[in-house]
K.L.:
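Please find one structure pasted underneath; my questions will follow.
To find a chain, count down the sequence lines: A is the first, B the second, and so on, and within it residues start at 1.
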There are 2 protein chains.
Amino acid sequence: MLPNDVKNIFRNYIREKGLRNTRQREEILDAFFSAEKHITVEKLFASIKAKNPGIGYATVHRNLTLLCECGLADEMKIGRQKTRYEPKFGQKHHDHLICLKCGRFIEVNDNKIEKLQDKLAELNDFIPVRHKLEIYGICKDCK
Amino acid sequence: MLPNDVKNIFRNYIREKGLRNTRQREEILDAFFSAEKHITVEKLFASIKAKNPGIGYATVHRNLTLLCECGLADEMKIGRQKTRYEPKFGQKHHDHLICLKCGRFIEVNDNKIEKLQDKLAELNDFIPVRHKLEIYGICKDCK
DNA sequence: TTATTATTGATAACAAATATCAATATCAAG
DNA sequence: CTTGATATTGATATTTGTTATCAATAATAA
């Protein structure tokens, strides 16, 4: 079961934007937060369709976009793979170690690196807004 | 004019692989290293076509891939934009500050960050191979 | 010079993301 | 609770960027 706060953020966003809540939206929200992290539209669609064969691909896609807009998801494109979506709620920003063999994502965080990044930006007269750090390599299980 | 070393790397790679050199390949190599950095296939194609209307899109695309293979180019995908190619020769690895307003790329490097990344990987029993750091924000001209 | 075969250029095929649209569902207002 | 306006859905078409196909051509070694 997912935290009520998540549902509230979602419902409030919908209300504020003058959108409407639907059975499908709730379903997609639930499924997305229970599913594996870094999921593709295709996989999420399949998992929802298993319980509700009526669901449409476009609906899942559209609502993942909506989740990104309201800050509950992050879109990530890795190389030539299809777009993945990562649920986001409360948790701190993190970077990724990505295994070149098995494709596994490991979430990591290093405050020193973050600070140095800000310094690096400042040095270039650049106002940092967000960043993305991906380290590609071989994970411990694939060594 | 581009350094002879670049041409030699290219020609040697072609020879070693049992490929053949062509007028188009030389043209694309020249154009790529004279063009703006982080160029798309489309733009490079257009700029070559201006001088040589006979050139084909597929040829440009194929040979950018070839340049990546021989280490003279890097492919980069930013968000939902089309793939960009960055000429690479001699220069050290670098990261990018990317302006959210004008789209400008600023190349930066920080040795401390690189070292901390290696440490971070090691901490997770992960062998780093390469990485990508992109800081998105507002550049000094767009403030 | 010739034979072999890699390359080219035009275009088809492909895959993922996005747009279209008639049918349906939501929800505010009465 | 009903109703009307209109947002959403689901199926599918379209678009977009990338990659594959293939006959004609061109590069290289013998």
K.L.:
Is B:Glu26 close to B:Asn21 at the side-chain level, that is, under 4.5 Å between some pair of heavy atoms?
P.N.:
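Yes. Closest side-chain heavy atoms under 4.5 Å.
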
K.L.:
Quick one: does A:Lys17's side chain get under 4.5 Å of A:Tyr13's, heavy atoms only?
P.N.:
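With C-beta onward as the side chain, the pair touches.
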
K.L.:
Does C:dA16 have OP1 or OP2 sitting under 4.0 Å from an N or O in the side chain of A:His61?
P.N.:
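For C:dA16, OP1/OP2 do not have a side-chain N/O of A:His61 under 4.0 Å.
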
K.L.:
Quick one: do B:Asp125 and A:Lys143 make a salt bridge, cutoff under 4.0 Å?
P.N.:
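The answer is yes: the pair qualifies as a salt bridge.
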
K.L.:
Let me know the distance between CG of A:Leu19 and C1' of C:dC27, rounded to the nearest Å.
P.N.:
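So the CG-C1' distance, A:Leu19 to C:dC27, works out to 13 Å.
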
K.L.:
Looking only at non-hydrogen atoms, find the nearest pair between A:Asp95 and A:His131 and report the distance.
P.N.:
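Heavy atoms only, the tightest pair is OD1-NE2, 3.5 Å.
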
K.L.:
Rounded to whole Å, how long is the line connecting atom CD of A:Glu42 with atom C1' of C:dC14?
P.N.:
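The answer, rounded to whole Å, is 14 Å.
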
K.L.:
Can you say whether the rings of A:Tyr57 and A:Phe45 are parallel (under 30°), tilted (30 to 60°) or perpendicular (over 60°)?
P.N.:
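Perpendicular, since the angle between the ring planes exceeds 60°.
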
K.L.:
What nucleic acid atoms does B:Thr22 come within less than 4.0 Å of, heavy atoms only: base, sugar-phosphate, or nothing?
P.N.:
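Sugar-phosphate only.
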
K.L.:
Would a distance-only check, ignoring hydrogens and angles, find a side-chain to backbone donor-acceptor pair under 3.5 Å from A:Arg104 to A:Ile138?
P.N.:
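It does not hold such a pair.
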
K.L.:
Can you measure A:Gln24 atom CD to C:dA25 atom P for me and round it to whole angstrom units?
P.N.:
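Rounding to the nearest Å, CD of A:Gln24 and P of C:dA25 are 9 Å apart.
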
K.L.:
Nearest whole Å is fine: how far is C:dT18 P from A:Glu69 CD?
P.N.:
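Rounding to the nearest Å, CD of A:Glu69 and P of C:dT18 are 11 Å apart.
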
K.L.:
Quick one: label B:Arg25 by what it contacts on the DNA or RNA (base, sugar-phosphate, nothing), any heavy atom closer than 4.0 Å.
P.N.:
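Here B:Arg25 touches the backbone only, sparing every base.
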
K.L.:
Does B:Arg62 or A:Ile28 map to a spot on DNA chain D nearer the 5' end, using the closest nucleotide for each?
P.N.:
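With B:Arg62 and A:Ile28 compared, the 5'-side residue is A:Ile28.
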
K.L.:
Return the 5'-most residue of the pair B:Tyr57, B:Asn21 with respect to DNA chain D, ranking by each residue's nearest nucleotide.
P.N.:
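In this pair, the answer is B:Tyr57.
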
K.L.:
For the base of C:dT5, is there a side-chain donor-acceptor partner from B:Arg20 under 3.5 Å away?
P.N.:
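Result: at least one qualifying N/O pair found.
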
K.L.:
Reading DNA chain C from 5' onward, which residue's closest nucleotide shows up sooner: B:Val60 or A:Thr83?
P.N.:
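Residue closer to the 5' terminus by nearest nucleotide: B:Val60.
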
K.L.:
Looking at every strand, decide which applies to B:Asn63 at a 4.0 Å heavy-atom threshold: base, sugar-phosphate, or nothing.
P.N.:
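The residue B:Asn63 makes sugar-phosphate contact but no base contact.
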
K.L.:
So that I can tick it off, tell me whether B:Glu36 and B:Lys43 are bridged by a salt bridge, with the cut-off set at under 4.0 angstrom between side-chain N and carboxylate O.
P.N.:
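Judged by the 4.0 Å cut-off on N to carboxylate O distance, B:Lys43 and B:Glu36 do form a salt bridge.
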
K.L.:
Run the salt-bridge test on B:Asp30 and B:Lys7 with the 4.0 Å N-O cut-off and return the result as yes or no.
P.N.:
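Between B:Lys7 and B:Asp30 there is a salt bridge, with a charged N closer than 4.0 Å to a carboxylate O.
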
K.L.:
With a strict under 4.0 Å distance from non-hydrogen atoms of chain B, what nucleotide opens and what nucleotide closes the contacted stretch of DNA chain D, reading 5' to 3'?
P.N.:
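Under 4.0 Å from chain B, the extent on DNA chain D is D:dG17 to D:dT28.
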
K.L.:
Is there a salt bridge (charged side-chain N to carboxylate O under 4.0 Å, His left out) between A:Glu27 and A:Lys49 once you walk through the steps?
P.N.:
CA-CA 10 Å; A:Glu27 249 173 52; A:Lys49 199 178 175 74; over 6 Å; no

K.L.:
Using five pairs at either end of the helix from C:dT1-D:dA30 to C:dG30-D:dC1, determine the angle between the two local helix axes and round it to 10 degrees.
P.N.:
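Answer rounded to 10°: the end axes differ by 30°.
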
K.L.:
What's the NZ-P distance between B:Lys82 and C:dA16, to the nearest Å?
P.N.:
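Taking atom P of C:dA16 as the reference, NZ of B:Lys82 is at 19 Å.
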
K.L.:
Find the distance A:Arg84:CZ to C:dA16:P and express it as a whole number of Å.
P.N.:
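Taking atom P of C:dA16 as the reference, CZ of A:Arg84 is at 12 Å.
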
K.L.:
C:dC27 P sits how many Å from A:Glu16 CD, rounded?
P.N.:
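In whole Å, C:dC27 P and A:Glu16 CD are 15 Å from each other.
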
K.L.:
Let me know the distance between OH of B:Tyr13 and C1' of C:dT7, rounded to the nearest Å.
P.N.:
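Checked: the OH to C1' distance equals 16 Å.
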
K.L.:
So, B:Lys92 and B:Glu114, do they make that salt bridge, N to O below 4.0 Å?
P.N.:
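Answer for the salt bridge query: no.
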
